[in-house]
**Q** 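Before we start, here is the structure in question, set down as structure tokens.
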There are 2 protein chains.
Amino acid sequence: MKFSKATDYALHALVYMIHRDGDTVKIPVQDLSVALNVSTTYLSKVLTRIVKANYITSTSGAKGGYRLQQNWENVSVYDIVVAIDGVQTLFEDSFDHGSECRIQAAMMEAQENLISTLKNKKLKDLTV
Amino acid sequence: MKFSKATDYALHALVYMIHRDGDTVKIPVQDLSVALNVSTTYLSKVLTRIVKANYITSTSGAKGGYRLQQNWENVSVYDIVVAIDGVQTLFEDSFDHGSECRIQAAMMEAQENLISTLKNKKLKDLTV
DNA sequence: CCAATTAAAGATATTATAAGTCTATTATAT
DNA sequence: ATATAATAGACTTATAATATCTTTAATTGG
């Protein structure tokens with residue numbers, strides 16, 4: 001019952017990018033790793049997933065780096081969680097009691113609540 | 001971002017006990033482990049934590065077993081989660097950005113929502 | 001008291017996953 | 001060409017969850 005550190009890193013990296021006008025300027029992972037005090041290799045591995053999910057773009061080579069997509073304001077915290085950890089299930093029932101299992105139903109309901117809370121949190125809300 | 005299997009086992013064991021009038025009858029772990037198809041040793045290890053948290057009682061020896069406390073109807077799913085896994089934090093910020101960190105604040109809010117949902121789910125709701 | 005039964009405790013093993021490193025490769029600007 | 005920067009893949013390390021095994025303590029009934 002925990003989010004990954006990788007998600008934490010990603011969110012902090014994104015917020016840092018936003019503060020540095022990362023939608024118009026490319027920011028190399030080097031800068032981010034200094035700011036967050038996380039190794040460049042690991043952080044770049046994390047950010048690659050955000051690139052794959054299309055919330056940022058990357059350009060290799062000199063003067064390269066990561067840049068926020070134009071629509072970043074609408075990206076939710078949940079989007080980032082999914083980009084990093086995949087679609088997570090908070091609760092996986094070890095038993096197969098079918099759809100009428102009330103334990104499973106209760107946990108699913110809690111899970112849906114959590115997800116909708118995280119969907120309503122946009123990156124923009126993290127920076128204002 | 002997951003609950004433990006142990007919590008799942010505990011919830012299923014409790015629901016089984018409720019269905020078997022476990023507040024008046026003692027049920028040995030042997031019965032539970034057959035019903036859930038989980039090893040007796042592991043299940044008893046899990047249930048011991050529920051005993052320590054005082055939601056069930058146990059008596060050793062012949063004719064012993066586990067029995068629900070009288071107030072079982074008011075025990076919440078969250079109580080069981082805490083009894084098994086301890087007070088969990090869904091999100092532990094790797095950084096020390098202080099209380100004004102909006103990422104942390106957002107995650108905490110989501111976490112509080114989740115917890116209150118689980119506090120509102122009582123064992124009774126799982127059995128009706 | 002004795003034998004059978006049952007939970008608890010402690011040590012240990014197993015597995016799974018996250019976290020992190022290292023090296024090589026590919027892409028880009030000057 | 002050279003320096004810079006992201007990506008990919010193999011690999012290691014760390015950590016926690018899951019599970020087993022064995023011993024000990026408690027309880028019942030004869």
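Being a predicted model, the structure only gives us computed values, none of them experimental. Convention: sequence-line order gives letters A, B, ...; per-chain numbering from 1.
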**Q** Rounded to the nearest Å, what distance is computed from the CG atom of residue A:L43 to the P atom of nucleotide D:dA6?
**A**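 My rounded result for the distance is 10 Å.
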**Q** Can you measure from CZ (B:F91) to CE (B:M108) and round to the nearest 0.5 angstrom?
**A**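 Interatomic distance, B:F91 CZ to B:M108 CE, rounded to 0.5 Å: 7.5 Å.
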**Q** Mind calculating the distance between CD (A:E92) and P (D:dA17) to the nearest angstrom?
**A**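 Going from CD in A:E92 over to P in D:dA17 covers 15 Å.
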**Q** Would you classify B:V38 as touching base, sugar-phosphate or nothing, given that sugar-phosphate means primed atoms plus P, OP1 and OP2, and contacts are heavy atoms under 4.0 Å?
**A**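 B:V38: no heavy atom of the nucleic acid under 4.0 Å.
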**Q** B:K26 NZ to D:dT27 P: how many Å, rounded?
**A**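 Distance, rounded to whole Å: 10 Å.
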**Q** Does anyone know the first and last nucleotide of DNA chain C in reach of chain B, 5' to 3', at under 4.0 angstrom to a heavy atom?
**A**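 From 5' to 3', the first and last contacting nucleotides are C:dT5 to C:dA11.
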**Q** Between A:K121 and B:E109, does any NZ, NE, NH1 or NH2 come within less than 4.0 Å of an OD or OE carboxylate oxygen?
**A**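 Salt bridge present between B:E109 and A:K121.
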**Q** With rounding to the nearest 0.5 Å, note down the distance linking OG1 in B:T7 to CD1 in A:I103.
**A**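 Reported to 0.5 Å precision, the distance equals 11.0 Å.
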**Q** Charged N to carboxylate O below 4.0 Å: is that the case for B:D79 and B:K119?
**A**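 No, this pair does not count.
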**Q** Taking only N and O in the side chain of B:Y9, is any of them less than 4.0 Å away from OP1 or OP2 of D:dA19?
**A**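 So the side-chain polar atoms of B:Y9 do come within 4.0 Å of the phosphate oxygens OP1 or OP2 of D:dA19, strictly under.
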**Q** What's the separation between atom CG in A:L90 and atom CD in A:E112, rounded to the nearest 0.5 Å?
**A**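 Between A:L90 CG and A:E112 CD, I get 10.0 Å after rounding to 0.5 Å.
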**Q** Would you mind classifying the nucleic acid contact of B:F3 as base, sugar-phosphate or nothing, using non-hydrogen atoms under 4.0 angstrom?
**A**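 B:F3: no heavy atom of the nucleic acid under 4.0 Å.
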**Q** Tell me which of B:K45 and B:V29 sits closer to the 5' end of DNA chain C, going by the nucleotide each one is nearest to.
**A**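 Its nucleotide being nearer the 5' end, the pick is B:V29.
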**Q** When all nucleic acid strands are considered with a 4.0 Å heavy-atom cut-off, which category describes A:S44: base, sugar-phosphate, or nothing?
**A**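 Base, at least one base heavy atom under 4.0 Å.
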**Q** Could you tell me the separation between the CD1 atom of A:I27 and the P atom of D:dA5, rounded to a whole number of Å?
**A**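 Computing the A:I27:CD1 to D:dA5:P distance gives 13 Å.
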**Q** Atom NZ of B:K5 and atom P of D:dA16: how far apart are they, to the nearest Å?
**A**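 Nearest whole value for this atom pair: 19 Å.
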**Q** In terms of the angle between their ring planes, are B:F95 and A:Y9 parallel, tilted or perpendicular, with boundaries placed at 30° and 60°?
**A**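 The arrangement is tilted - the two ring planes meet at 30° to 60°.
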**Q** Heavy-atom count check: over 12 atoms from other residues, nucleotides or ligands less than 6.0 Å from A:N71 CG?
**A**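 Correct, the count exceeds 12.
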**Q** Answer with base, sugar-phosphate or nothing: what part of the nucleic acid does A:K52 contact at a heavy-atom distance below 4.0 Å?
**A**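 Sugar-phosphate contact only.
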**Q** Assuming nearest nucleotide by heavy-atom distance, tell me which of A:G64 and A:T41 is located more 5' along DNA chain D.
**A**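 Its nearest nucleotide lies further toward 5', so the answer is A:G64.
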**Q** Taking the side chain of A:T48 as its heavy atoms from C-beta onward, which of D:dA5, D:dA8, D:dT18 lies nearest to it?
**A**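 Looking only at side-chain atoms, A:T48 lies closest to D:dA8.
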**Q** Under 4.0 Å: is that the gap between some side-chain N or O of B:S39 and OP1 or OP2 of D:dT20?
**A**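 Yes, B:S39 has a side-chain N/O under 4.0 Å of OP1/OP2 on D:dT20.
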